[in-house]
2 protein chains.
Amino acid sequence: MIKQSVQHTEASCKKARLAIQDTLDVVGGKWKLVLITVLRDGKRKFNELSRDAGISPRILSKELQELETNGLVHRTVCNTKPVTVEYSLTDYSETLSEVIVAMHKWGMAHRDKIISGH
Amino acid sequence: MIKQSVQHTEASCKKARLAIQDTLDVVGGKWKLVLITVLRDGKRKFNELSRDAGISPRILSKELQELETNGLVHRTVCNTKPVTVEYSLTDYSETLSEVIVAMHKWGMAHRDKIISGH
DNA sequence: GATAGTAGTTACATAAATGTTACTATATGA
DNA sequence: TCATATAGTAACATTTATGTAACTACTATC
């Protein structure tokens with residue numbers, strides 16, 4: 001294996017940090033990735049999400065709006081007796097797969113490491 | 001390609017969410033991944049990190065302690081004229097590679113998407 | 001002895017995130 | 001008319017994260 005000589009300017013480093021901060025802005029915080037994980041299992045109604053994720057309506061509403069703004073979640077109003085609203089993942093949210101899988105794997109492995117006592 | 005029938009209990013979903021929250025606990029927030037990214041470029045002294053990452057000593061100190069606790073960063077006191085302290089990544093921090101690379105890639109792509117107007 | 005550099009810490013202040021409770025609006029059926 | 005269900009929103013409280021400024025302890029050099 002040959003060690004690549006990577007272009008490594010101060011600017012490129014700054015960009016890397018920005019990219020990571022961008023990702024954290026969109027998907028960081030306590031709930032965003034949790035909601036996405038739940039929705040990967042299938043669409044949910046507002047109250048279902050609230051129950052399934054254990055998140056209060058106020059925060060849920062805010063988080064869903066932000067996810068919608070970033071094109072990750074789609075909101076559908078249904079013509080039901082009392083109006084229901086279904087939230088589902090967009091196709092674009094698929095682009096987050098790698099991130100989610102990587103974080104899932106790492107979280108499991110790290111927990112094992114901690115439990116086994118380093 | 002065959003669609004796998006994945007074991008998909010409520011418990012396994014809850015675990016997935018926990019794993020992701022674990023990862024966010026260790027590596028989320030405004031600075032942790034930024035510091036790791038900087039340190040991937042090589043070890044730094046305390047003040048260098050403060051300057052390079054644009055983070056105040058108080059927060060830097062706290063973040064470094066947490067990273068050390070989680071086995072991601074190593075702290076070395078050097079026998080220099082005024083004592084200096086070098087911070088570097090541990091071997092264990094390598095396990096975060098996938099997460100970091102995935103977040104880096106996604107952040108860049110998402111920024112491009114936003115700039116190009118969806 | 002005074003000054004300056006390194007690595008922090010302390011006390012204080014502010015900002016951001018999250019939580020709790022109660023409420024609105026709409027509609028259905030008892 | 002009253003109770004119930006859905007999807008939120010509003011007002012308020014609390015907790016957590018982050019920032020700022022000044023300070024300590026140690027040592028070397030002027």
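All values derive from a computational prediction rather than experimental measurement. Below, read A as the first sequence line, B as the second, and so on, with proteins coming before strands; counting in each chain starts at 1.
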>> Distance check needed: dA30(C) P versus Lys81(A) NZ, whole Å only.
In response: 12 Å
> Where the side chain of Ile59(A) is concerned, which of dT18(C), dA7(C), dT9(C) is the nearest nucleotide?
Replying inline: dT18(C)
> Charged N to carboxylate O below 4.0 Å: is that the case for Lys32(B) and Glu66(B)?
Replying inline: yes
> Rounded to the nearest Å, what distance is computed from the CD atom of residue Glu68(A) to the C1' atom of nucleotide dG8(D)?
Replying inline: 14 Å
>> Any side-chain N or O of Gln65(B) below 4.0 angstrom from OP1/OP2 of dA7(C)?
In response: no
> Nearest of dT18(C), dA7(C), dA5(D) to any side-chain atom of Asn47(B)?
Replying inline: dA7(C)
> Under 3.5 Å, is there an N or O donor on one side and an acceptor on the other linking the side chain of Arg58(B) and the base of dT20(D)?
Replying inline: yes
>> Rounded to whole Å, how long is the line connecting atom NZ of Lys62(B) with atom P of dT9(C)?
In response: 13 Å
> What is the distance from CG of Leu60(B) to P of dT20(D), rounded to the nearest Å?
Replying inline: 14 Å
> Thr84(B) has a side chain; which of dT18(C), dA7(C), dT9(C) sits nearest to it?
Replying inline: dA7(C)
> Does Ser61(A) make a side-chain N or O approach to OP1 or OP2 of dT9(D) shorter than 4.0 Å?
Replying inline: yes
>> Whole angstroms only, please: what is the CD-P distance between Glu86(A) and dT6(D)?
In response: 14 Å
> Are there more than 12 heavy atoms of other residues, nucleotides or ligands under 6.0 Å from atom NZ of Lys113(A)?
Replying inline: yes
>> Without decimals, in angstroms, what is the distance between Asn79(A) CG and dA27(C) C1'?
In response: 12 Å
> If you check the Tyr87(B) side chain, which of dA28(D), dT18(C), dG8(C) turns out closest?
Replying inline: dG8(C)
>> Before you tell me yes or no, could you show the steps for Val77(A) and Arg75(A) under side chain to side chain contact (heavy atoms under 4.5 Å, CB included), namely the whole-Å CA-CA distance, both residues' side-chain angles and the distance that decides it to 0.1 Å?
In response: CA-CA 7 Å; Val77(A) 179; Arg75(A) 179 178 180 274; 3.7 Å; yes
> Between Lys30(B) and dG19(D), does any side-chain N or O lie under 4.0 Å from OP1 or OP2?
Replying inline: yes
> Pick one: which of Asp22(A), Val26(A), Leu96(A), Leu72(A) meets side-chain contact (heavy atoms from CB on, under 4.5 Å) with His110(B)?
Replying inline: Val26(A)
> Could you state the CD-P distance from Glu63(B) to dG8(C), rounded to the nearest angstrom?
Replying inline: 14 Å
>> Using only atom types and a distance under 3.5 Å, with no angle test, would you say the side chain of Thr90(B) pairs donor to acceptor with the backbone of Gly71(B)?
In response: yes
>> With nearest nucleotide decided by heavy atoms, which residue, Pro82(A) or Pro57(A), maps closer to the 5′ end of DNA chain D?
In response: Pro82(A)
>> So if I take every side-chain heavy atom of Arg75(B) and compare against dG8(C), dT18(D), dA28(D), which nucleotide ends up nearest?
In response: dG8(C)
